[in-house]
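Both backbone and side-chain heavy atoms feed into the values below; hydrogens, waters and symmetry mates do not.
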Amino acid sequence: TDERKTLGVRTIMVRRARKTGQVQIIVVTNRQLNLNQLVKDLVNDFPEVVTVAVNTNTAKSSEIYGEKTEIIWGQESIQEGVLDYEFSLSPRAFYQLNPEQTEILYSEAVKALDISEEDHLIDAYCGVGTIGFAFANKVKSLRGMDIIPEAIEDAKQNARRMGFDNTYYEAGTAEEIIPRWYQEGYRAEALIVDPPRTGLDDKLLDTILTYVPEKMVYVSCNVSTLARDLVKLVKVYDLQYIQSVDMFPHTARTEAVVK
């Protein structure tokens, strides 16, 4: 991978679903390339490949994906599963890289949130709905948001396919959407946040501190931004425990589930 390369292929992402064995290949380029022969060779040699997509990213930054993704061969998404449910995963939608430990991570999140069937739950940074689905049949309602529109479309379809009629998903940022929901009269007793490495956005932190859902679980992939955010959160929340989950053995990184 050469993230700042100005011409040609920057990154090739290969994603394999543990549950189904289906493989998705995403070629990240910064200009039009003819990949017909590559695609033919790939799908002939590897029948498990079900999607080949091209993502165009011309930014000179370390962001992996650009805005535009095109499926050049195969189906829109692959089928993956975690805990006791399956879901569709589009090329640009985020999902954890270590499926075995993802089971552990989500189990710990379920244990920590300690939900009741009268609760309304917000799943901020919901992706294709994965963490939230672990709670959907245990709560009154589940609402989620994500900045990637394809992930939100996946989340809606996944919820429909699983027969959940108490879910609602919207594309956009948590810091803009949650205050609007509250102004419209929606109230959440429970909140789960699973932010990127940058941690919680300042506006979202202010929103949480303003409305203070009574139960909250913070799933973190970066202990330093978690520490920074906890300085503010402990002003209104009683921090009960932090459970680490090792997603990347032999590295300094660890996930953490905070009750």
Indicate yes or no: does [X] engage [Y] in a salt bridge with an N to O separation below 4.0 Å.
{"X": "D119", "Y": "K215", "value": "yes"}
{"X": "R180", "Y": "E170", "value": "yes"}
{"X": "E103", "Y": "R18", "value": "yes"}

On a heavy-atom basis, which atom in [X] and which in [Y] lie closest, and how many Å separate them?
{"X": "A124", "Y": "A174", "answer": "CB-CB, 4.1 Å"}
{"X": "I177", "Y": "M145", "answer": "CD1-CB, 3.7 Å"}
{"X": "G129", "Y": "D123", "answer": "O-OD2, 4.4 Å"}
{"X": "N222", "Y": "R197", "answer": "ND2-O, 3.0 Å"}
{"X": "L33", "Y": "G8", "answer": "CD1-C, 4.3 Å"}
{"X": "A155", "Y": "F133", "answer": "O-CZ, 3.7 Å"}

[X] vs [Y] side-chain heavy atoms within contact, under 4.5 Å:
{"X": "M247", "Y": "L105", "result": "yes"}
{"X": "D114", "Y": "V217", "result": "no"}
{"X": "V245", "Y": "T254", "result": "no"}
{"X": "R10", "Y": "N57", "result": "yes"}
{"X": "I178", "Y": "I122", "result": "yes"}
{"X": "V49", "Y": "V52", "result": "yes"}
{"X": "R15", "Y": "V23", "result": "no"}

(message) Show, in sequence, the C-alpha distance, side-chain angles and deciding distance for T198 and T225, and conclude whether the side chain to side chain contact (heavy atoms under 4.5 Å, CB included) test is met.
(response) CA-CA 6 Å; T198 45; T225 53; 5.5 Å; no
Should [X] and [Y] be counted in the same cluster of Ile, Leu, Val, Met, Phe, Trp and Tyr side chains packed under 4.5 Å apart?
{"X": "L121", "Y": "V258", "answer": "no"}
{"X": "I115", "Y": "V257", "answer": "yes"}
{"X": "V236", "Y": "L191", "answer": "yes"}
{"X": "I152", "Y": "M162", "answer": "yes"}
{"X": "V14", "Y": "V39", "answer": "yes"}

(message) Under the rule for ring-ring contact (aromatic ring centres under 6.0 Å, His included), what residues qualify as partners of Y211, not counting sequence neighbours?
(response)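 Once residues adjacent in sequence are excluded, the partners of Y211 under the ring-ring contact (aromatic ring centres under 6.0 Å, His included) criterion are Y182.
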Can you establish whether the number of heavy atoms outside [X] located under 6.0 Å from its atom [atom1] is more than 12?
{"X": "E117", "atom1": "CD", "result": "no"}
{"X": "Q79", "atom1": "CD", "result": "yes"}
{"X": "Q32", "atom1": "CD", "result": "no"}

(message) Under a 3.5 Å threshold, yes or no: a donor from one side chain and an acceptor from the other, between D229 and Y218?
(response)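 Side-chain D/A pair, D229 to Y218: present.
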(message) Looking only at the side chains, is there a donor atom on one of T69 and N55 sitting less than 3.5 Å from an acceptor on the other?
(response)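 A donor-acceptor contact under 3.5 Å links the two side chains.
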(request) Apply side-chain contact (heavy atoms from CB on, under 4.5 Å) to Q75 and list each qualifying residue two or more places apart in sequence or on a separate chain. (result)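 Scan of Q75 (side-chain contact (heavy atoms from CB on, under 4.5 Å), adjacent residues dropped) gives Q22, V50, T51.
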Name each donor-acceptor pair under 3.5 Å that joins a side chain in residues 135-143 to protein atoms two or more places apart or in another chain, with its distance.
from : atom 1 : to   : atom 2 : distance (Å)
K138 : NZ     : A134 : O      : 3.0
K140 : NZ     : E118 : OE1    : 3.2
S141 : OG     : H120 : ND1    : 2.6
S141 : OG     : Y186 : OH     : 2.8

Interatomic distance, [X] atom [atom1] to [Y] atom [atom2] [nearest 0.5 angstrom]:
{"X": "I208", "Y": "K203", "atom1": "CD1", "atom2": "NZ", "value": "13.5 Å"}
{"X": "T29", "Y": "L35", "atom1": "OG1", "atom2": "CG", "value": "7.5 Å"}
{"X": "I25", "Y": "R16", "atom1": "CD1", "atom2": "CZ", "value": "13.0 Å"}
{"X": "D154", "Y": "K156", "atom1": "CG", "atom2": "NZ", "value": "11.5 Å"}
{"X": "L233", "Y": "D238", "atom1": "CG", "atom2": "CG", "value": "12.5 Å"}
{"X": "E189", "Y": "E214", "atom1": "CD", "atom2": "CD", "value": "6.0 Å"}

(request) Enumerate the residue pairs fulfilling ring pair (Phe, Tyr, Trp, His ring centres under 6.0 Å) with a member in residues 234-255, sequence neighbours excluded, ordered by first and then second residue. (result)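 For residues 234-255: none.
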Is it the case that the side chain of [X] and the backbone of [Y] share a donor-acceptor pair, with hydrogens and angles ignored and the cut-off at 3.5 Å?
{"X": "D202", "Y": "L204", "result": "no"}
{"X": "D194", "Y": "I131", "result": "no"}
{"X": "D146", "Y": "A151", "result": "no"}

(message) Quick one, V193 with V219, criterion side chain to side chain contact (heavy atoms under 4.5 Å, CB included). Give me CA distance, side-chain angles, the key distance, then yes/no.
(response) CA-CA 6 Å; V193 294; V219 178; over 6 Å; no
Hey, can you pull the donor-acceptor pairs under 3.5 Å for the side chains in residues 40-48, sequence neighbours left out?
from : atom 1 : to  : atom 2 : distance (Å)
D41  : OD1    : Q37 : NE2    : 3.1
N44  : ND2    : K40 : O      : 3.2

(request) Apply salt bridge (Lys or Arg N to Asp or Glu O under 4.0 Å) to E86 and list each qualifying residue two or more places apart in sequence or on a separate chain. (result)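 For E86, no residue satisfies salt bridge (Lys or Arg N to Asp or Glu O under 4.0 Å) once neighbours in sequence are set aside.
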(request) Could you go through the side chain to side chain contact (heavy atoms under 4.5 Å, CB included) check for L200 and Y125 one step at a time? (result) CA-CA 10 Å; L200 296 179; Y125 309 93; 3.9 Å; yes
(request) Evaluate the criterion side chain to side chain contact (heavy atoms under 4.5 Å, CB included) for residue pair E150 and E153; output intermediate values, then yes/no. (result) CA-CA 5 Å; E150 299 100 303; E153 285 312 306; 5.6 Å; no
